[in-house]
Structures are given as structure tokens and as C-alpha cells.
Undergrad: 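What follows is a single structure, and I will ask about it in a moment.
These figures come from a predicted structure and were not determined experimentally. Here is how names work: the chains are called A, B, and so on, in the same order as the sequence lines, proteins then strands, and each is numbered from 1.
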Number of protein chains: 2
Amino acid sequence: MRLTSKGRYGVSAMVDINNNGKEGKPVTLAAISERQFISLSYLEQLFRSLRAGGLVRSIRGPGGGYLLAHPASEITIANVIQAVNEPIRTTLCENAVRGCHRGRRCDTHQLWDAMGKHIYRFLDAVTIEMVCQKEVDLNNLELKPVEDIVTEVRMEQKIAKVS
Amino acid sequence: MRLTSKGRYGVSAMVDINNNGKEGKPVTLAAISERQFISLSYLEQLFRSLRAGGLVRSIRGPGGGYLLAHPASEITIANVIQAVNEPIRTTLCENAVRGCHRGRRCDTHQLWDAMGKHIYRFLDAVTIEMVCQKEVDLNNLELKPVEDIVTEVRMEQKIAKVS
DNA sequence: AAAATACTTGACTAAAATACTCTGGTTTAT
DNA sequence: ATAAACCAGAGTATTTTAGTCAAGTATTTT
Ligand code: FES
Ligand code: FES
């Protein structure tokens, strides 16, 4: 779960679609580009990932564009960030070489693990819809209990499980 | 509040001092270097910051080394991370050019603001002592209410205020 | 059919941030 | 005096991120 400006752009774009694509009308990348000050080329790259992550649907040809693949209330910020960033660094340690101690866990392992969960719980509690509805107080959300959270699962996989 | 491996190293080093510097005996960087697999040069660079941040005290000459400048129960992870990372990026937007909209706030502003606070609240709730006491459950901490948190304040400043 | 719109893909480059090192000090205990 | 340790600046190397380019394909409109 990396937090980069790529993720920020991704969220901005998704929010833009939800705000501007009323009544099933697809939104073009060109329009998003203008409104959000993101270059068209870069958006294309972003939407490649969003599409692969199952978060948007595309319609080609004139009059085409992008639609959210699910209701805005069912797409979380975590979904978006996970989609646009690379596969996801695993447990921070098993695969990492530096910093982590060969074999046994270092003294700070728990800490970083807990921090990752803490961040994820927040991002997983906020939906695109909530960001659009400005009156929601994002500072006092009900978070899912720690036991229930499963980091590193993408929307596509969720869908696969459900069906 | 940046989350880099520099911060991780900083925390590891602080934890190491607390675990190994019993009874006021200073801990040498050489020792930390061996135990935590961090190069001596890099540690020297890190400790320059930790010292400047008022988090450690040093004793020079043979038999010297570093001591925590405060009880481990009073040093938070947020303190450490803020000390080792650069002055701090301001409000993410006023000064930022790209991504943010000139003049008025973008639609996702609230979100990133809330996320920053959420992360900070966690890091500010965990002390070096808690990391050392492995039995503490970092997944269910009491966090300070949002109103009370003041991000971007360094230990030195806190001290200045108190005295 | 032709043209225009808009998505699709892969590869590539540039810039910034990060991680890390090197060199040459200074202080102080023994 | 010597050695153990910290101190400080500047420098390099690597990695990551951000962003671009060029050459497509699908679909609709005229
Ligand atoms: S062993 Fe997992 S963070 Fe160090
Ligand atoms: S205006 Fe502050 S994040 Fe965009």
C-alpha cells in the first residue's frame, strides 16, 4: 500500500467521474484532463490500471468514455490506490532484504505492521461517494475491526470470491 | 510527515538504545550498527537529526555513545519520524503546484487531510517504550481526539513551549 | 466509406527523492 | 599520546516516480 501522487490522481479522477458522469453518460479522459489538471497521456496510463483493477468500464468510439464499474458507495479509496500502484509490497519483510533481520522478526516489526493496518482501515472505510458528499466528517469514521480487514485484496478478486 | 525507511531506521535505533543501554550506559553507534544491520556512516547521519531534534544526548570520547534524552515512555514514533525527515512538507497544497487547484481546494483535499491526521494520530500514540514491551497491542490503541492533535511539531518546540 | 472520436498498449525518458558513502575533522577517557 | 567515539559537510549512486511518445484499435457519425 504505497501512498504516492499517482494514487491521489487516481482518486481525483474517480471522483471526477462520479461528479460529472450523470445518468450513465461516460466521461472522457479529455474532460477529466481539463478539470483535474492531469495530462491526457498520464490519465491513459492511470486508467489502464483502474480498468485492470475492475474499477471502471470503458466505452469506445465517439461519445464514449469511462464509467464507474460499481456504485460510488461501493468503491473505496483503498481499492483505487491498490489498483494504480504496483502489485503491492508484501509483508514489508519476508521479501525485503535491507532493514529486516534475516530469519527472525526485528523489534519494530509489529509497529510497522500495525501502522499499515491502521492506514488501510482508514482508506478502506472511505468510499468515492463519501468524498463527493462534502458533509461527511472523515475525521471520525467507524472503522472495521482489525480482525476483519484483509489488506492487499483487489476488487477483481473480491468479485471473483463473491461469484 | 513522510514515511520512509529512514524513519524506520531511526525508530530501530531508538528502540535499540532503549533495549541495550541499561543504567545510563551510553550505546555506541558501532554497536547499533552491528545489531540493526545499518551502516555506521548512515547512523551518524541519522543521529545528527535525532540529536538536533532533541531526542538523544551524546557523550563523546571513549566509553561514550548515545542516550535517550527523555524517558522511552515520552518519546513517540511521530517524534522520531519527524526528526529524521526533512523540515516537513507544509499543507500539501498551498505550496504544491501540480495536482492542486489554483485558489480553491480540490475535491479530494479533505480526504488527504484526514488521512494525514489519521496516520499522525497513530504514530503519536505509540511510544518507544510500547514498541519495546512486546505485549502491548498496537492494533487497539486509544488515540487522542482529532481536536487535540497538532501535527508538525517537533520535540524541541514542545520543550520550548513547556519551559 | 471516410473521418473523427476516444480508448489501448508498450516502451521510453526525465526528474526527483532516497539511500548511502567518503573524507576529514573534534572531543575526551585512559 | 593514543584510541574510541562522536561530528559535519559534501558527494554519489540507486531507485522510484512522474510523465511522454508513438503507433495502434474500436465505434460512431456523416
Ligand atoms: S522483520 Fe519484519 S519489519 Fe523487520
Ligand atoms: S487543494 Fe489541497 S489537496 Fe488539492
Side-chain angles (χ1 to χ4, degrees), chain A residues 1-10 12-13 17 21 25-34 36-53 55-69 81 84-89 95-100, chain B residues 1-10 12-13 17 20-21 25-34 36-53 55-67 69 81 84-89 95-100:
Chain A
M1 176 110 287
R2 239 167 312 170
L3 305 170
T4 89
S5 78
K6 198 163 175 179
R8 285 207 290 277
Y9 285 149
S12 292
I17 293 180
K25 295 276 182 234
V27 178
T28 70
L29 293 187
I32 299 177
S33 172
E34 279 195 5
Q36 305 300 327
F37 305 96
I38 309 172
S39 89
L40 184 57
S41 300
Y42 200 43
L43 276 175
E44 284 172 345
Q45 190 188 314
L46 280 176
F47 274 77
R48 221 181 287 183
S49 305
L50 291 173
R51 187 184 147 79
L55 300 182
V56 295
R57 257 170 49 219
S58 67
I59 296 174
R60 300 178 71 147
Y66 285 94
L67 297 167
L68 299 186
I81 289 182
V84 299
N85 288 322
E86 300 312 286
I88 271 113
R89 66 177 59 166
N95 292 10
V97 181
R98 58 185 171 214
C100 273
Chain B
M1 174 112 286
R2 241 167 310 170
L3 304 170
T4 88
S5 79
K6 198 164 173 177
R8 285 209 290 281
Y9 285 150
S12 292
I17 292 180
N20 296 288
K25 295 277 182 232
V27 179
T28 70
L29 293 186
I32 298 176
S33 172
E34 280 196 3
Q36 307 298 328
F37 304 97
I38 309 171
S39 89
L40 185 58
S41 299
Y42 200 42
L43 277 175
E44 284 174 343
Q45 192 187 24
L46 280 176
F47 274 77
R48 227 180 285 183
S49 306
L50 292 174
R51 187 185 147 79
L55 300 182
V56 294
R57 258 172 45 218
S58 67
I59 297 176
R60 300 179 72 149
Y66 284 94
L67 295 167
I81 290 181
V84 299
N85 288 322
E86 298 313 287
I88 270 111
R89 67 175 58 164
N95 292 11
V97 181
R98 58 183 172 218
C100 274

Undergrad: Choose from C:dC7, D:dA5, D:dA18 the nucleotide whose nearest atom is closest to any side-chain atom of A:Arg60.
TA: C:dC7

Undergrad: At under 4.0 Å between heavy atoms, what does A:Val56 touch on the DNA or RNA strands: base, sugar-phosphate, or nothing?
TA: nothing

Undergrad: Can you find a donor-acceptor N/O pair under 3.5 angstrom joining the side chain of B:Arg48 to the base of D:dA8?
TA: yes

Undergrad: To the nearest Å, give me how far apart OH (B:Tyr42) and C1' (D:dA8) are.
TA: 16 Å

Undergrad: Need to verify one output field. Residue with the more 5' nearest nucleotide on DNA chain D, A:Gly7 or A:Gly63?
TA: A:Gly7

Undergrad: Show the nearest heavy-atom pair for residues B:Leu40 and B:Ser33, with the distance to one decimal.
TA: N-OG, 3.7 Å

Undergrad: Kindly compute the distance separating CZ (A:Arg8) from CD1 (A:Ile38), expressed to the nearest 0.5 Å.
TA: 11.0 Å

Undergrad: Does D:dA18 have OP1 or OP2 sitting under 4.0 Å from an N or O in the side chain of A:Thr4?
TA: yes

Undergrad: OP1 or OP2 of C:dA6 versus the side-chain N and O atoms of A:Ser58: is any pair under 4.0 Å?
TA: no

Undergrad: Examine D:dG19: is either OP1 or OP2 under 4.0 Å from a nitrogen or oxygen in the side chain of A:Tyr9? Give yes or no.
TA: yes

Undergrad: Under 4.0 Å between a side-chain N or O of B:Ser39 and OP1 or OP2 of C:dT21?
TA: yes

Undergrad: Kindly point out which of D:dT20, C:dC20, C:dC7 is positioned nearest to the side chain of A:Ser41?
TA: D:dT20

Undergrad: What is the minimum heavy-atom distance between B:Ser49 and B:Val84, and which atoms define it?
TA: CB-CA, 3.9 Å

Undergrad: From the options A:Phe37, A:Tyr42, A:Phe47, select the one residue that forms a ring-ring contact (aromatic ring centres under 6.0 Å, His included) with A:Tyr9.
TA: A:Tyr42

Undergrad: Side-chain N or O of B:Ser5 versus OP1/OP2 of C:dA19: is the shortest distance under 4.0 Å?
TA: yes

Undergrad: Closest-nucleotide mapping onto DNA chain D: is B:Gly65 or A:Gly61 further toward the 5' terminus? I mean the 5' end.
TA: B:Gly65

Undergrad: Measure CD/A:Glu44 against C1'/D:dA23 and give the value in whole Å, please.
TA: 12 Å

Undergrad: Applying a 4.0 Å non-hydrogen cut-off, can you work out what B:Tyr66 is touching in the nucleic acid: base, sugar-phosphate, or nothing?
TA: sugar-phosphate

Undergrad: How many angstroms lie between atom CD1 of B:Ile17 and atom OG1 of B:Thr28, to the nearest 0.5 angstrom?
TA: 9.5 Å

Undergrad: In whole angstrom, give the distance that lies between atom CZ of A:Arg57 and atom P of C:dA6.
TA: 18 Å

Undergrad: D:dG19 P sits how many Å from A:Phe47 CZ, rounded?
TA: 15 Å

Undergrad: Nearest whole angstrom, please: distance from the C1' of D:dA5 to the CZ of B:Arg51.
TA: 13 Å

Undergrad: Is it the case that more than 12 heavy atoms not belonging to B:Glu44 sit under 6.0 Å from its CD atom?
TA: yes

Undergrad: Using whole Å, what does the distance between atom C1' of nucleotide C:dA6 and atom CG of A:Leu43 come to?
TA: 13 Å

Undergrad: Write down the distance between CD (B:Gln45) and C1' (C:dT23), rounded to a whole number of angstrom.
TA: 14 Å

Undergrad: According to the Watson-Crick and G-U wobble definitions, with both distances under 3.5 Å, which nucleotide is paired to D:dT28?
TA: C:dA3

Undergrad: Rounded off to whole Å, could you give me the CD1-to-P distance for the A:Ile59 and D:dA26 pair?
TA: 16 Å

